[in-house]
2 protein chains.
Amino acid sequence: MSDARSVATKRTLVAATMQVIREQGIGAISARSIATAGSVNQALVFYHFGSVEGLVAQACLESTAERVALLEPRLAAVTTFGGLVEVAGRLHAEEREAGNVTVLAQVLAGSHANPTLAEAVGRSLALWNEQVRATLQRLLAGSPVAEVLDADALTDLVSATFVGLELMEPTRSREDVVSGALAGIGRLAAALDDLGPVSRRALRSVLRSTP
Amino acid sequence: MSDARSVATKRTLVAATMQVIREQGIGAISARSIATAGSVNQALVFYHFGSVEGLVAQACLESTAERVALLEPRLAAVTTFGGLVEVAGRLHAEEREAGNVTVLAQVLAGSHANPTLAEAVGRSLALWNEQVRATLQRLLAGSPVAEVLDADALTDLVSATFVGLELMEPTRSREDVVSGALAGIGRLAAALDDLGPVSRRALRSVLRSTP
DNA sequence: GTCTATAACTAGATAGAC
DNA sequence: GTCTATCTAGTTATAGAC
């Protein structure tokens, strides 16, 4: 019974940590702000996680794992670049509610010169990148784009864009700019998907010869 | 005389602030850490800037203005998408030394739920976006891509990518991933630049009809 | 496991000497 | 303008009661 209670408390603390980071940013994190958000005692942070850093690391990891698990089946079902951009658009829309990427972005910023957080962020990013890379690898196979971009490079670019996008979200005056941009990218991707065999060969040879 | 000394002290404080943010992140910022980095007295932060926040805001703004001023003539000389990606690649390489985008990214993260910093970040981002948008507007005029993307949307995407890229820089194991990705994007852009009039018209009509 | 109390420290900010 | 000294408030972390 005491074990079940312990688990519940840990859960509360992790959830409260995510909430504080989402609503006030990593700069507002302290054992007290977390305890207040979760309506628990401040000392429990240290009893269960050893330190505030340890709790933040755990929260970052769980927040990311949660989102990646939800996304995994959807990415597995993607068969075209257009479909991938569509999933990206939905993910961005869902972020307003869940804020998992925001948590990752904030902890990423806080991990500068902080080995403990850096380790947690590294593992969180790896969870994302695994999924994105696998999807891109699948889509790139047989695509002319593979002539100039490998999955690793594209993955890094895609992850960075998403992190930057969510970090800048609060600064945006118009909120439809991102969806507009994603729609445009989606149409470019769709055009690429729908290329006939002749244009496909032509594009491939152009990309191959471009210095 | 006392005025010249005052200006020198302000400069020292602003430079020290940038240095602490670059080397230790926004989380390590305090009147004392800044004063130590600049070898000046801690109380001077409040005498010259009123508060730590005020100093950080000023540093963010100056750091950005400095970089944007250096970039402006180079962007003005860009005439192709390939050229734009090339400038972006150089900018990324120079960041390792200067770290101006890193400062912006860190203050951006710290501006979450902080009106003072948010205002400074907003103005800093505007400085960047002005230049990027003007360049993209020029390049998009007459390009088939304009069928699906306007300069505003693309600017937001480009800025977000750059901020995310610099924020993730310390986490990258291999350091040539970004340059590889930029090289690939550059070849795609070059292919777009070199399109003949026939392919150009064909692409335009495809993009216009893509839903 | 959880709570109270507290030690040890660091933060922002200011008054007053120089 | 700059420095020392200091106040206040908030921080991590732990001992010990429950």
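In what follows, every chain begins at residue 1, and chains take the letters A, B, ... in the order their sequences are listed.
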At a cut-off of 3.5 Å, list every protein nitrogen or oxygen paired with a nitrogen or oxygen from nucleotides 2-4 of chain D, distance to 0.1 Å.
residue : atom : partner : partner atom : Å
D:dT2   : OP1  : B:T9    : OG1          : 2.4
D:dT2   : OP2  : B:T9    : OG1          : 3.4
D:dT2   : OP2  : B:H48   : NE2          : 2.6
D:dT4   : OP2  : B:N41   : ND2          : 3.4

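Note: CZ (B:R11) to C1' (D:dG1) measures 17 Å, nearest angstrom. Between B:N114 atom CG and C:dG12 atom P the separation is 13 Å, expressed in whole Å. Atom NZ of A:K10 is separated from atom P of C:dG1 by 8 Å (rounded to the nearest Å). Rounded to whole angstrom, the span from the CD1 atom of B:I34 across to the P atom of C:dA11 amounts to 11 Å. The distance between atom CG of A:L55 and atom C1' of D:dA13, rounded to the nearest whole Å, is 14 Å.
Taking only side-chain atoms of B:F46, from C-beta outward, the nucleotide of D:dA13, D:dT11, C:dT14 with the closest atom is C:dT14.
Here the CG atom belonging to B:D156 is positioned 6.5 Å from the CG atom belonging to A:L165, to the nearest 0.5 angstrom. For the atom pair CG (B:N100) and CD (B:E166), the distance works out to 10.0 Å, reported to the nearest 0.5 Å.
Other residues, nucleotides and ligands place no more than 12 heavy atoms under 6.0 Å from the CZ atom of A:R123.
Between A:E94 and A:R67 there is a salt bridge, since a side-chain N of the basic residue sits under 4.0 Å from a carboxylate O of the acidic one.
Residue B:S51 places no side-chain N or O under 4.0 Å from the OP1 or OP2 atom of C:dG12.
Remark: the A:E23 side chain and the B:H112 side chain contain no N/O donor-acceptor pair separated by less than 3.5 Å.
Under the side-chain hydrogen bond (donor to acceptor under 3.5 Å, both in side chains) criterion, B:Q131 pairs with no residue, sequence neighbours left out.
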